[in-house]
2 protein chains.
Amino acid sequence: MYTIGQVAEMFDLPISTLRYYDKQGLFPQLIRESGIRKFSENEIEALRVIECLKKSGLEIKDIKLFMDWCAEGPATYSDRFQLIRNQKERVEAEIKQLHKTLDMLKFKCWYYSKAMEDGNEDTAKASIPYGLPEDIRAAYDNSHTQSSDK
Amino acid sequence: MYTIGQVAEMFDLPISTLRYYDKQGLFPQLIRESGIRKFSENEIEALRVIECLKKSGLEIKDIKLFMDWCAEGPATYSDRFQLIRNQKERVEAEIKQLHKTLDMLKFKCWYYSKAMEDGNEDTAKASIPYGLPEDIRAAYDNSHTQSSDK
DNA sequence: TATTAACCTAAAGCTAGGTTTAGGGATTAT
DNA sequence: ATAATCCCTAAACCTAGCTTTAGGTTAATA
């Protein structure tokens, strides 16, 4: 059993955040002794799940839903499964999106180092396709090559 | 040259958002004709950059900084380069983080399909290491195996 | 005995990133 | 000429996710 202060330290979270989570219903099984919160292994695991679901982009009110399901027992396994699977897919999509963002940033990185080298953006501007995936390149192709190409 | 409505449609953004961006100073080169905004190729490219930097986690006020640098010419190439490189690193770190989140979700996915199969979490709870990376597993190891192991 | 530390609550406050509202002007279609 | 459709502004409003404030209880220490 841990006090709120101990848990705050374990997870490197402000105490106020833990109280806020509790108020939002994220610890439906939390027990109090004369008003004071007692965090058991159950809440510690809950917090790990909370952090994971938060990173996956789930809102607090939906995390509460999940935690309520956890408190309800085996009848909710399939709800919990589906929620987790949805978040899994969401994260997979997010990773794909971030890879595109990364490609763009890599291109701009190259672009500005070229511009620094040259003292201007002329050559850089002319060399769009460097390492960019098709769909991003497509946007560039028709914005920068109005003269030669069509 | 495009009107705000055309740009909104091109980028699938509400007009109000474009006006908000303008108000925050994200289009320092934007020209108006008798009060009406005229978006040129320059602003279109700016918007592509804005969307990219937003996805990379940059705040509006820092995006404004970048756009101001763009309007200032070659003297700011190295500032721009450094900002982009920082965001690139940030996105790389974010992708790594999301992979960890994904591993956790995959584990929970497996966990709940096992629980559904069994009608309880007993076997699932006992089989922690399934596909989890070391650092996440470590947290589980000492929370679930107090009895057997130490 | 007094003070320090760690807990508690309710409620107000804050930030980012928009969105909505209320009111107005200019151009085009009927 | 009148009605619809764009455009404009300023300012109020909204949401999520906390954080801060103000005031109070309990328990161990000096």
Side-chain angles (χ1 to χ4, degrees), chain A residues 1-28 30-40 43-44 46-68 83 87 90 94 97 101, chain B residues 1-28 30-40 43-44 46-68 83 87 90 94 97 101:
Chain A
M1 288 293 189
Y2 308 93
T3 66
I4 200 169
Q6 289 170 322
V7 176
E9 195 157 332
M10 287 170 61
F11 282 84
D12 195 25
L13 285 174
I15 290 179
S16 61
T17 300
L18 292 173
R19 290 209 261 249
Y20 169 72
Y21 286 172
D22 186 25
K23 203 171 193 181
Q24 300 314 301
L26 302 198
F27 305 121
L30 183 86
I31 277 168
R32 284 168 187 245
E33 266 169 36
S34 56
I36 288 172
R37 293 172 183 88
K38 297 291 162 188
F39 290 78
S40 71
E43 278 71 43
I44 300 302
L47 256 174
R48 281 197 284 260
V49 173
I50 289 165
E51 302 232 294
C52 173
L53 291 177
K54 258 172 44 96
K55 281 172 196 151
S56 82
L58 202 66
E59 287 171 35
I60 298 285
K61 65 175 191 297
D62 295 320
I63 299 181
K64 172 191 160 41
L65 246 183
F66 184 84
M67 294 306 165
D68 286 341
L83 184 146
Q87 290 317 108
R90 197 162 155 180
E94 173 75 4
Q97 173 58 77
T101 300
Chain B
M1 289 291 190
Y2 308 93
T3 67
I4 200 170
Q6 289 170 323
V7 176
E9 195 157 331
M10 287 169 59
F11 283 84
D12 195 26
L13 285 173
I15 290 180
S16 62
T17 300
L18 292 173
R19 291 209 260 248
Y20 168 72
Y21 286 173
D22 186 25
K23 203 169 191 182
Q24 300 312 302
L26 302 198
F27 305 122
L30 184 86
I31 277 167
R32 285 168 186 246
E33 266 169 36
S34 54
I36 288 170
R37 293 174 183 89
K38 296 292 161 187
F39 290 77
S40 70
E43 278 71 45
I44 301 301
L47 256 174
R48 281 196 285 260
V49 173
I50 289 165
E51 301 231 293
C52 173
L53 290 177
K54 258 171 44 93
K55 282 171 195 152
S56 81
L58 201 65
E59 288 172 35
I60 299 283
K61 66 175 190 298
D62 294 321
I63 299 181
K64 173 191 160 41
L65 246 182
F66 184 85
M67 294 306 166
D68 286 343
L83 184 146
Q87 289 318 108
R90 197 161 153 181
E94 173 74 4
Q97 174 58 78
T101 300

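Protein chains get the first letters and strands the later ones, always in sequence-line order, with residue 1 at the start of each. Hydrogens, waters and symmetry mates are skipped; everything else that's a heavy atom, side chains included, is used.
Among the protein residues, A:Thr17 comes within range of the sugar-phosphate backbone only, with heavy atoms under 4.0 Å from sugar or phosphate atoms but none that close to a base. A:Arg37 comes within contact range of the sugar-phosphate backbone alone, with a heavy-atom separation under 4.0 Å but no base atom that close. Within 4.0 Å of A:Lys38, counting heavy atoms only, lies no atom of the nucleic acid at all. Residue contacts shown for B:Glu59 are limited to sugar-phosphate atoms, with no base heavy atom under 4.0 Å away.
Interatomic distance, CZ of B:Arg90 versus CG of B:Leu58, reported as 6.0 Å (0.5 Å rounding). For the atom pair CZ of B:Phe66 and CD of B:Gln87, the computed distance is 10.0 Å after rounding to the nearest 0.5 Å.
With A:Phe39 as reference, A:Phe27 is the one residue of A:Phe11, A:Phe27, A:Tyr2 to meet the ring-ring contact (aromatic ring centres under 6.0 Å, His included) rule.
Looking at which nucleotide of DNA chain C each of B:Leu58 and B:Ser16 is closest to, the 5′-most match is held by B:Leu58. Each of A:Ser34 and A:Tyr21 was matched to the nucleotide of DNA chain D holding its nearest heavy atom; the match closer to the 5' end belongs to A:Tyr21.
Distance A:Ile36 CD1 to D:dG24 P: 18 Å, rounded to the nearest Å. If you measure from atom OH of B:Tyr20 to atom C1' of D:dC8, you get 19 Å, rounded to the nearest angstrom. Here the C1' atom of nucleotide D:dC8 and the CZ atom of B:Phe27 are 16 Å apart, to the nearest Å. The CD-C1' distance, from B:Gln6 to D:dC7, rounds to 12 Å in whole Å.
Picking from D:dG17, C:dC7, C:dG18 the nucleotide with the shortest atom distance to the side chain of B:Ile60 gives C:dG18.
A close approach under 4.0 Å does not occur between any side-chain nitrogen or oxygen of A:Lys23 and OP1 or OP2 of C:dA11. Put simply, A:Arg19 has no side-chain N or O that comes within less than 4.0 Å of OP1 or OP2 on D:dT21.
For B:Ile15 against B:Ala8, the heavy-atom pair with the smallest separation is CG1-CB, 3.7 Å.
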